[in-house]
Amino acid sequence: MKNVRLSLTTKAEVYKQIDALIASNPSQGYFLNITKRENKRSNPANSVYQSWYGPISDHMALTINEATRYVKLTFGLPILFSNKDFGFVVRDGMESNGFFNLDYERQLELMDKIPVTRLFTTPMHNKLRDDLQYFFGQQGLALEYER
């Protein structure tokens, strides 16, 4: 287990992971380190895709808020769910709250309340930007990094 997000909402699932780890090899000893997660991002490239919401919203004839919701739902969630350390915790939580049974419009609305990209690691942000550039590039919209 490495870089597992621990919070009040993920505590029970983290404990299950710890129990499973210990049960799989009870004679093995482990060290547990818990560090405070800083809220401030250190990667300035995180803001790059934010600047793309204007062109994306114009391209899709959406408001910026609607484009943000669309990107989080369509591109962000699959990246978040694929994270081997905590993606399943987020997915299970959303599933247990009935998110996947909701219609598409309601799922989009809930993107305002569900943290997605703020949970991303740097490689996850890189993938998001790459996916956005490829997807919209195929539609003729060039999303570029400012120089």
Side-chain angles (χ1 to χ4, degrees), residues 1-24 32-147:
M1 295 174 59
K2 187 174 179 182
N3 295 322
V4 175
R5 182 176 167 86
L6 177 63
S7 68
L8 187 58
T9 57
T10 63
K11 182 177 73 168
E13 187 59 41
V14 171
Y15 285 173
K16 286 180 191 176
Q17 290 180 53
I18 292 170
D19 288 344
L21 178 67
I22 294 170
S24 70
L32 175 65
N33 298 303
I34 298 177
T35 57
K36 183 179 177 184
R37 180 177 175 254
E38 297 297 326
N39 289 329
K40 193 169 186 169
R41 289 193 180 142
S42 60
N43 185 356
N46 293 344
S47 63
V48 169
Y49 79 95
Q50 292 285 338
S51 69
W52 294 345
Y53 282 128
I56 290 171
S57 67
D58 290 344
H59 177 75
M60 297 184 71
L62 299 171
T63 67
I64 289 179
N65 189 44
E66 290 168 337
T68 303
R69 291 172 175 173
Y70 172 79
V71 167
K72 285 175 69 175
L73 181 64
T74 307
F75 298 93
L77 281 182
I79 294 169
L80 187 62
F81 295 156
S82 70
N83 180 278
K84 65 179 176 52
D85 294 320
F86 58 85
F88 67 93
V89 175
V90 175
R91 184 169 181 35
D92 287 353
M94 292 174 74
E95 187 168 28
S96 68
N97 285 307
F99 179 83
F100 302 107
N101 296 326
L102 300 173
D103 63 59
Y104 181 73
E105 291 300 319
R106 182 66 181 135
Q107 288 179 353
L108 281 171
E109 290 172 9
L110 288 174
M111 289 296 95
D112 289 337
K113 298 178 182 179
I114 298 172
V116 176
T117 57
R118 76 179 74 153
L119 301 176
F120 279 12
T121 62
T122 298
M124 293 165 78
H125 272 285
N126 293 342
K127 176 151 179 49
L128 175 64
R129 290 189 304 275
D130 290 347
D131 289 354
L132 291 174
Q133 282 186 308
Y134 178 79
F135 179 80
F136 288 104
Q138 292 293 311
Q139 298 179 23
L141 177 62
L143 299 173
E144 302 294 335
Y145 289 90
E146 290 185 20
R147 300 186 198 283

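Given the structure is predicted, the values throughout are model-derived calculations rather than measurements. Residues take their numbers from the sequence shown, with the count starting at 1.
Aromatic ring pairs are classed by plane angle as parallel below 30°, tilted from 30° to 60° and perpendicular above 60°; the pair Y70 and F75 is perpendicular.
Residues L77 and M94 approach most closely at CD1-CE, 3.8 Å, considering heavy atoms. The heavy-atom pair separating E13 from F88 by the smallest distance is OE2-CE1, 3.3 Å. A pairwise comparison of heavy atoms in L143 and Q133 identifies O-NE2, 2.6 Å as the closest pair. Counting all heavy atoms, side chain and backbone alike, M124 lies closest to L80 at CE-CA, 3.7 Å. What you find for K127 and I79 is that their closest heavy atoms are CG-CD1, 3.8 Å. The two residues S51 and P55 make their nearest non-hydrogen contact at O-CD, 3.4 Å.
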Checklist entry - Is there a side-chain contact (heavy atoms from CB on, under 4.5 Å) between W52 and E144 once you walk through the steps? => result CA-CA 8 Å; W52 294 345; E144 302 294 335; 5.6 Å; no

Checklist entry - Stepwise, does the side-chain contact (heavy atoms from CB on, under 4.5 Å) test hold for I56 with L62? => result CA-CA 8 Å; I56 290 171; L62 299 171; 6.0 Å; no

Checklist entry - Should Y104 and L73 be marked as a side-chain contact (heavy atoms from CB on, under 4.5 Å) after you check the CA-CA gap, both sets of side-chain angles, and the distance that decides it? => result CA-CA 9 Å; Y104 181 73; L73 181 64; 3.4 Å; yes

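Counting only residues at least two apart or in different chains, salt bridge (charged side-chain N to carboxylate O under 4.0 Å, His left out) contacts with residues 60-75 comprise R69-D112.
Annotation: the span from N65 atom CG to M111 atom CE amounts to 12.0 Å, rounded to 0.5 Å. Taken to the nearest 0.5 Å, the CG atom of L132 stands 7.0 Å off from the OH atom of Y53. Note that the OG1 atom of T74 and the CG atom of D131 stand 11.5 Å from one another [nearest 0.5 Å]. One finds the NZ atom of K16 at 16.0 Å from the CG atom of L21 (value rounded to the nearest 0.5 Å). Here T68 contributes atom OG1 and L108 contributes atom CG; the two are 11.0 Å apart, rounded to the nearest 0.5 Å. Going from atom CD of Q17 over to atom CD1 of I22 covers 12.0 Å, rounded to the nearest 0.5 Å.
Between the H125 side chain and the T117 main chain, a donor and an acceptor come within less than 3.5 Å of each other. With hydrogens and angles ignored, the 3.5 Å screen pairs a side-chain donor or acceptor of S57 with a backbone N or O of G54.
With sequence neighbours left out, the side chain to side chain contact (heavy atoms under 4.5 Å, CB included) criterion links L110 to F99, L102, R106, K113, I114.
Remark: Y134 OH is loosely packed, at most 12 non-hydrogen atoms of other residues, nucleotides or ligands lying under 6.0 Å away.
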